[in-house]
Amino acid sequence: MLRLIMDTSNQYLLIALYEDDQCLEVIQEMGSKRQSENAIPALSSLLDKYHKELLDVDEMIITLGPGSYTGVRVAMTIAKTLSVISNVRIKVVSSLAAYAGFDKCVSVIDARSQKVFVCAYENGEPLINEQLILISDFDKFMDDYKDFKVVGQSEVVGYQHVDVDLANNIYHLSLNIASLDNVDVLVPRYLKDVEAKKICL
C-alpha cells in the first residue's frame with residue numbers, strides 16, 4: 001500500500017511517502033507563505049524519485065486545521081482532486097493532534113492577533129475540545145496541565161521549541177481513523193469561525 005501524507009496547514013510544508021508501512025522519505029521544510037507554490041513541485045519530485053505516480057497512491061492523509069485557512073486548503077485541494085480521478089482513500093487528522101502524536105502534551109498553533117489554537121492530548125486522544133485563546137491567557141490555561149509538555153509553535157507562548165516527527169505522528173494517528181465516506185463535504189477546521197459566530201450572537 002502506498003500512502004501519501006501532507007500537512008500544509010501551518011509553518012511547515014510536510015510531504016511524506018510510506019509504502020507497506022515503511023517511510024520512504026519525508027520532506028519537512030519551513031515556508032508557510034509559499035506552500036501553494038512549492039507543494040506540487042515538491043510532491044512531483046518525491047514521487048519521481050521513487051518511480052511513483054499520483055494515481056499509485058492508495059491512501060492520502062492530510063491535516064484539516066486549525067491553522068492557516070489558505071494553507072489548509074492546499075493539501076485539501078490536492079486530496080479532493082485526487083479522489084475525483086482515482087479510488088484513493090482520504091483520511092484527515094487535526095493539525096493540533098499532529099504535533100501531539102501520542103505524547104502527554106498541550107499542542108499550540110499560532111492563530112495570529114495575539115491568539116493561539118490549543119488542545120491537550122494524551123495517548124493520541126484529545127482531553128478537551130480544541131480552543132482559540134488569547135496568548136495572555138495561556139499560563140492560566142496551563143494551570144490544569146502542569147505536568148504536560150508544550151509542543152507545536154510553543155515559542156509563541158514563551159516555551160522552548162520541541163522537535164516532533166510530524167510525519168510519524170500523522171501516520172500512526174491515521175491508523176486509528178476511518179477514511180472519509182464523502183470527500184466533497186470536507187472543509188478546513190477553522191476555529192475562528194466559531195469565535196466570529198459568538199461575537200455576532
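Sequential numbering from 1 along the given sequence is applied to the chain's residues.
The backbone N or O of G71 sits less than 3.5 Å from a side-chain atom of T8, completing a donor-acceptor pair. S44 places a side-chain N or O within donor-acceptor distance of the main-chain N or O of I40, the cut-off being under 3.5 Å.
Within the 4.5 Å cutoff, the side chain of D143 has heavy atoms near those of the K146 side chain. Side-chain contact between Q131 and V118 is present, with heavy atoms from C-beta onward closer than 4.5 Å. Proximity of V88 to I90: side-chain heavy atoms (C-beta onward) are separated by under 4.5 Å at one or more points. In this structure the side chain of S86 reaches within 4.5 angstrom of the side chain of L55, judged on heavy atoms. Within the 4.5 Å cutoff, the side chain of V151 has no heavy atoms near those of the D103 side chain. Contact check for L43 versus L54: side-chain heavy atoms found under the 4.5 Å cut-off. In this structure, V108 and Y99 have side chains that are not in contact, with every pair of non-hydrogen atoms separated by 4.5 Å or more. Under the 4.5 Å side-chain criterion, counting only non-hydrogen atoms from C-beta, M30 is in contact with Q11.
A distance of 5.5 Å separates CD in E59 from CE in M1, rounded to the nearest 0.5 Å. Atoms OG and CD1, from S9 and I109 in turn, are 5.5 Å apart once rounded to the nearest 0.5 Å. Here CD1 of I15 is found 7.5 Å from CG of L4. Values are rounded to the nearest 0.5 Å.
Between G152 and H161, the shortest heavy-atom contact is O-ND1, 4.2 Å. Q153 approaches D110 most closely through the heavy-atom pair OE1-N, 3.0 Å. Minimum interatomic distance between K91 and S179 (heavy atoms only, all atoms of both residues): CG-CA, 3.8 Å. Scanning all heavy atoms of the two residues, the minimum distance from V74 to A39 falls at CG1-CB, 3.7 Å. Here the closest heavy-atom approach between residue K80 and residue D184 is recorded as NZ-O, 3.6 Å. The two residues L96 and F117 make their nearest non-hydrogen contact at CD2-O, 3.6 Å.
Within a 6.0 Å radius of CD in E53, other residues, nucleotides and ligands contribute 12 heavy atoms or fewer. Atom CG of N129 has 12 or fewer heavy atoms from other residues, nucleotides or ligands within 6.0 Å.
V157 and L134 are members of different hydrophobic clusters when ILVMFWY side chains are connected at heavy-atom separations under 4.5 Å.
Using cut-offs of 30° and 60° on the angle between ring planes, the pair Y145 and F148 is perpendicular.
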For I62 and L186, run side-chain contact (heavy atoms from CB on, under 4.5 Å): C-alpha distance rounded to whole Å, both residues' side-chain angles, the deciding distance at 0.1 Å, then the answer.
CA-CA 11 Å; I62 62 172; L186 181 60; 4.0 Å; yes
Test side-chain contact (heavy atoms from CB on, under 4.5 Å) on I128 and F141; report intermediate values, then the result.
CA-CA 12 Å; I128 57 174; F141 174 88; 3.7 Å; yes
Verdict with supporting geometry, S94 and R189, side-chain contact (heavy atoms from CB on, under 4.5 Å):
CA-CA 8 Å; S94 160; R189 181 178 295 166; 3.4 Å; yes
When you look at I61 and Y18, which way does the side-chain contact (heavy atoms from CB on, under 4.5 Å) test go after all the steps?
CA-CA 11 Å; I61 308 150; Y18 281 71; over 6 Å; no
